[in-house]
Amino acid sequence: MAKKYKCAIKGTKGDLARKWCVSSSTLTRWVKDIPEMERQVEQKGRGAKKTVLRKPDPLGRIKDGLAKFYETNKNRTKHFKIPITARVLSVKAATLRDELLDMHKNNIVNLTDEEVEKMKNFQASESWAKKVAKDRGWKSKALHGEAGGVDYEAAAPQILLIRRTIHGNIDGRTYRRENVYNMDETGLLYKCLPNRSYVSEDEVKTARGTKLMKAKDRVTLYVCTNADGSDFVPLSIIRIGSIWMEPKSCLFVRR
């Protein structure tokens, strides 16, 4: 509104129309509205904001139930959290729908006629669940690693014991950092190929992949280094499929 008022009171009509990229008829209407514009500009500076009255969402109870379900899972310890996908949300929404209709039937919850009608026709699709997640600001993220499954509270006493042992608080002997090692294992899909590739323009529509992009041939490696990073132990294979190997001599040992 302030922009319209500024445009209407300054300059000639032709110059203003070109400057503000509006038609002459629009500018004429703005000039006629100058008294009302002055009142609104003086009252609120940028003009009176419109008050939009929104109708209650017939599925609002289901959405609120999903939000409660999400927050409950979010506040769980990492060991008990479950991954929430669009499929999980859609199934939970269908469960909430059935529960609400059942409670309405038993006079536990009072639903409006519009809510009942909307819920009876509600399909709880995954696309609807994705839209709800987007409106709520929930982001879908690929989860990697296994750290989310660690019970930190249960592991805390053992970690403290290891630290006290290293610093000599248990048996009086201290360990230098170069003598403290950390080892972990990881999987390597050594035959698996990338699923993306650069191709020429004439191959864009004809390029195809191979079965090796989904190859499951796997070896288990262990990686190890000391605390100060001065000794990187070479990678070693400790398992090929179901066959275990002794890292030093590389003799095959069956379990």
Lys/Arg N to Asp/Glu carboxylate O, Asp135 vs Lys131, below 4.0 Å: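 Looking at Asp135 and Lys131, the cut-off is met.
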So does Arg136 have more than 12 non-hydrogen atoms from other groups sitting under 6.0 Å from CZ?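 Atom CZ in Arg136 is packed in, count exceeds 12.
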Check whether [X] reaches the backbone of [Y] with its side chain - one donor and one acceptor, N or O, closer than 3.5 Å.
{"X": "Asn73", "Y": "Ile82", "value": "yes"}
{"X": "Thr95", "Y": "Val91", "value": "yes"}
{"X": "Asn179", "Y": "Tyr175", "value": "no"}
{"X": "Thr225", "Y": "Asp231", "value": "yes"}
{"X": "Arg177", "Y": "Ala227", "value": "yes"}

Under a 4.5 Å cut-off applied to non-hydrogen side-chain atoms, are [X] and [Y] in contact?
{"X": "Thr220", "Y": "Thr186", "answer": "no"}
{"X": "Ile84", "Y": "Phe69", "answer": "yes"}
{"X": "Glu71", "Y": "Lys68", "answer": "no"}
{"X": "Leu235", "Y": "Val223", "answer": "yes"}

I need the minimum non-hydrogen distance between [X] and [Y], along with the two atoms involved.
{"X": "Ala129", "Y": "Ser90", "answer": "CB-N, 3.9 Å"}
{"X": "Pro83", "Y": "Val88", "answer": "O-CG2, 4.0 Å"}
{"X": "Ala133", "Y": "Leu89", "answer": "CB-CD1, 4.3 Å"}

Approximate separation, where rounding is to 0.5 Å, of [X] [atom1] and [Y] [atom2]:
{"X": "Lys139", "Y": "Lys134", "atom1": "NZ", "atom2": "NZ", "value": "8.5 Å"}
{"X": "Asp57", "Y": "Leu59", "atom1": "CG", "atom2": "CG", "value": "5.5 Å"}
{"X": "Leu221", "Y": "Ser236", "atom1": "CG", "atom2": "OG", "value": "8.5 Å"}

Can you list everything that forms a salt bridge (Lys or Arg N to Asp or Glu O under 4.0 Å) with Arg87? Sequence neighbours excluded, please.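 Checked Arg87 against salt bridge (Lys or Arg N to Asp or Glu O under 4.0 Å); zero matches.
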List the atom pairs, donor and acceptor, that lie under 3.5 Å between side-chain atoms in residues 105-119 and the rest of the protein, sequence neighbours left out.
unit_1 : atom_1 : unit_2 : atom_2 : d
Asn106 : ND2    : Asp102 : O      : 3.2
Thr112 : OG1    : Glu115 : N      : 3.1
Thr112 : OG1    : Glu115 : OE1    : 3.4
Glu115 : OE1    : Thr112 : N      : 2.9
Glu115 : OE2    : Arg61  : NE     : 3.2
Glu117 : OE2    : Asn121 : ND2    : 3.3

Pairs flagged by ring pair (Phe, Tyr, Trp, His ring centres under 6.0 Å) wherever residues 81-127 is involved - sequence neighbours left out: Phe122-Trp128
Go through Leu96 and Leu66 one step at a time and tell me if the side-chain contact (heavy atoms from CB on, under 4.5 Å) criterion holds. CA-CA 8 Å; Leu96 291 170; Leu66 286 180; 4.2 Å; yes
In terms of hydrophobic clustering (I, L, V, M, F, W, Y; side-chain heavy atoms under 4.5 Å; direct or indirect links), are Leu101 and Met103 co-clustered?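 Yes, Leu101 connects to Met103 through the hydrophobic network.
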